[in-house]
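One structure below.
Each ligand, and each atom within it, is numbered from 1 in the order the structure gives.
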Amino acid sequence: MPDDNSEAKHVSNAKHNSESKRVSPLTMDSQQFREAGHQLIDQIAAFLDTLPHQRVTPAESPTVVRQALQADRPLSDRGQEPALLLNRAASLLFEHSLFNGHPRFWGYITSSAAPIGALGDLLAAAVNPNVGAWLLSPVASEIEAQTIRWIADLLHYPTDCGGIFVSGGNMANHVCFLAARQAKANWDLRTAGLNGVPLRLYCSKETHTWIQKSADLSGLGTDAIRWISTNDQLQMDATELREQIRRDLAAGERPFLVIGTAGSVSTGAIDPLPELAAICREFDLWFHVDGAYGALAALLPDAPSALSALKLADSIAVDPHKWLYAPLEAGCALVRNPDKLRDAFAYHPPYYHFGTEAINYFDLGPQNSRGFRALKVWLALQQAGREGYIQMLSDDISLAQTLFQLVKQHPALEALTHSLSITTFRYAPPGLTLRDERTQTYLNDLNRELLTRLQNSGEVYLSNAVINGKFALRVCIVNFRTTLADIQALLPLVTKMGHDLDTELRPQHLAP
Ligand SMILES: *Cc1c(COP(=O)(O)O)cnc(C)c1O
């Protein structure tokens with residue numbers, strides 16, 4: 001709470017400064033810091049306690065949120081009391097946020113964040129090492145390197161690989177993409193640019209949109225992407241891949257990169273990674289795996305067999321802010337040969353070597369000054385241990401599996417897919433047996449509206465997928481807080497709302 005001196009403390013005033021003591025407007029003395037910090041920690045602890053009883057989202061309009069924030073208010077000239085500001089910020093965030101840490105949040109691929117990660121971020125910000133250069137972050141750089149070795153080990157990837165933390169999956173994939181582009185160019189690409197060489201890359205139609213951004217940002221253009229079709233499991237067709245590479249070679253084009261996805265965003269599909277690895281070996285192409293979501297399933301004793309080919313990849317992108325439950329942001333790029341990262345990013349002669357000398361992360365990626373993203377991941381990995389992660393990932397997968405079974409048994413629901421911890425399905429009222437185009441269009445409209453209502457209800461949070469033209473409800477469980485009861489609560493909600501909507505919306509020509 002502000003005391004009588006609070007104003008004075010925040011006004012730069014020569015009277016308060018002496019030769020050896022400077023009181024700046026951002027100074028918090030230790031007592032002030034302790035009080036504000038303790039109060040904030042208490043509020044966060046209470047927030048985490050009450051989370052399961054809150055709505056997943058208040059589902060407010062932008063206007064309402066802007067009003068709550070007083071968005072038009074200009075920055076005040078005079079400073080304010082930090083404890084008061086933190087208190088207000090906490091209230092704003094607790095009252096006007098969508099909580100991806102809620103046990104019933106299953107949208108997109110956004111995980112519940114481990115509380116130790118929040119404390120880790122506080123510690124990281126307090127010490128504030130600049131993990132661009134080893135000299136500026138001695139132990140933080142080493143913690144990042146150790147975290148990368150641990151993650152590689154969880155994936156059964158060589159632990160002497162290169163690696164770097166970045167903001168998320170998009171950036172991790174992009175870093176690997178640039179390493180591949182440089183590694184496979186036999187001219188001085190970094191100086192001369194693309195020189196009109198028709199580089200070509202290959203991925204399935206299920207690949208996340210990072211690939212368009214990378215092709216664009218790297219100067220290749222999205223026409224360089226060869227979209228390979230998928231089978232009915234939404235996995236890349238390896239035969240078509242080989243044929244397309246042959247055709248491009250015959251036409252004088254320059255294939256350089258194949259991207260396999262380990263856990264697609266929409267359904268969790270895993271491409272035939274061993275076949276892709278073999279094709280890359282055959283044609284001397286870079287084999288990259290986008291494992292932002294699914295690669296970590298490799299740590300399970302009963303991991304999907306295709307993930308055994310992760311160890312054959314030249315590079316892997318993996319997202320600790322997904323299935324390692326790190327708070328945003330944390331993505332990680334792994335590159336088998338550490339020199340390839342340096343080759344793609346460093347503007348220094350390689351004075352340093354991995355293992356023997358200092359690692360300067362500004363040489364291994366696009367960033368210069370870098371925050372300490374690895375700490376929160378390093379802490380969570382140790383809190384849970386390998387066994388803890390096996391348990392959490394297995395539970396997520398088995399809950400998604402259970403949901404799939406429950407959906408299958410329900411007469412008003414149509415089960416569509418289950419892979420890893422993603423289950424997709426749709427509401428399909430039993431009366432609607434005709435499978436003609438008009439019925440399909442209606443079912444798509446019905447499920448689209450149903451999703452909006454489910455999201456706005458605040459009871460659960462799902463997102464969607466489109467599977468062979470069907471608009472599907474999609475549940476993705478990367479959430480160590482979700483229980484069986486949470487999953488069981490979903491079906492009555494979906495069928496009740498679905499039924500009500502069907503009554504409201506069903507057009508005359510489809511009436512029973
Ligand atoms: C989430 C995801 C991405 C993008 O990752 P961000 O962390 O959101 O940048 C890319 N690819 C796949 C397969 C993903 O699941």
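The distance from ligand 1 to the heavy atoms of Y293 drops below 4.0 Å at these ligand atoms: 15 (O). Taking every heavy atom of D319 and a limit of under 4.0 angstrom, the matching atoms of ligand 1 come to 5 (O), 6 (P), 7 (O). Near H321, with a cut-off below 4.0 Å to any heavy atom, the atoms of ligand 1 are 7 (O). When each atom of ligand 1 is checked for a heavy atom of I109 under 4.0 Å away, the hits are 15 (O). For ligand 1, the atoms lying closer than 4.0 Å to a non-hydrogen atom of G168 are 7 (O), 9 (O).
Between E282 and R242 there is a salt bridge, since at least one side-chain N of the basic residue sits less than 4.0 Å from a carboxylate O of the acidic one. Under a 4.0 Å N-O distance rule, the pair D486/R104 qualifies as a salt bridge. Under a 4.0 Å N-O distance rule, the pair D248/R254 does not qualify as a salt bridge.
For the residue pair D237 / N231, no side-chain donor-acceptor distance below 3.5 Å is found, with atom types taken as modelled.
When hydrogens are left out, the protein atom nearest atom 4 (C) of ligand 1 is N170 OD1, 3.3 Å; that is the closest non-hydrogen contact. The nearest protein atom to atom 13 (C) of ligand 1, hydrogens excluded, is given as D290 OD2, 3.2 Å; this is a heavy-atom distance. For atom 6 (P) of ligand 1, the nearest protein heavy atom (residue, atom name, distance) is G169 N, 3.3 Å.
R448 CZ: more than 12 foreign heavy atoms inside a 6.0 Å radius.
Here F256 and F283 keep their ring centres 6.0 angstrom or further from each other.
A perpendicular orientation is assigned to the rings of Y325 and F480, their planes being inclined by more than 60° (bins at 30° and 60°).
Judged by the shortest distance from any of its heavy atoms, G263 lies inside the 4.0 Å radius around the atoms of ligand 1. For E329, the closest heavy-atom approach to ligand 1 does not fall below 4.0 Å.
Residue contacts with ligand 1 for K322 involve side-chain atoms from C-beta outward but no N, CA, C or O (heavy atoms, distance under 4.0 Å).
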Worksheet item: Given the rule in the salt bridge (charged side-chain N to carboxylate O under 4.0 Å, His left out) test, do D284 and K184 qualify, once you have shown the distances and angles that lead to the verdict?
Response: CA-CA 9 Å; D284 190 27; K184 292 300 181 187; 3.2 Å; yes
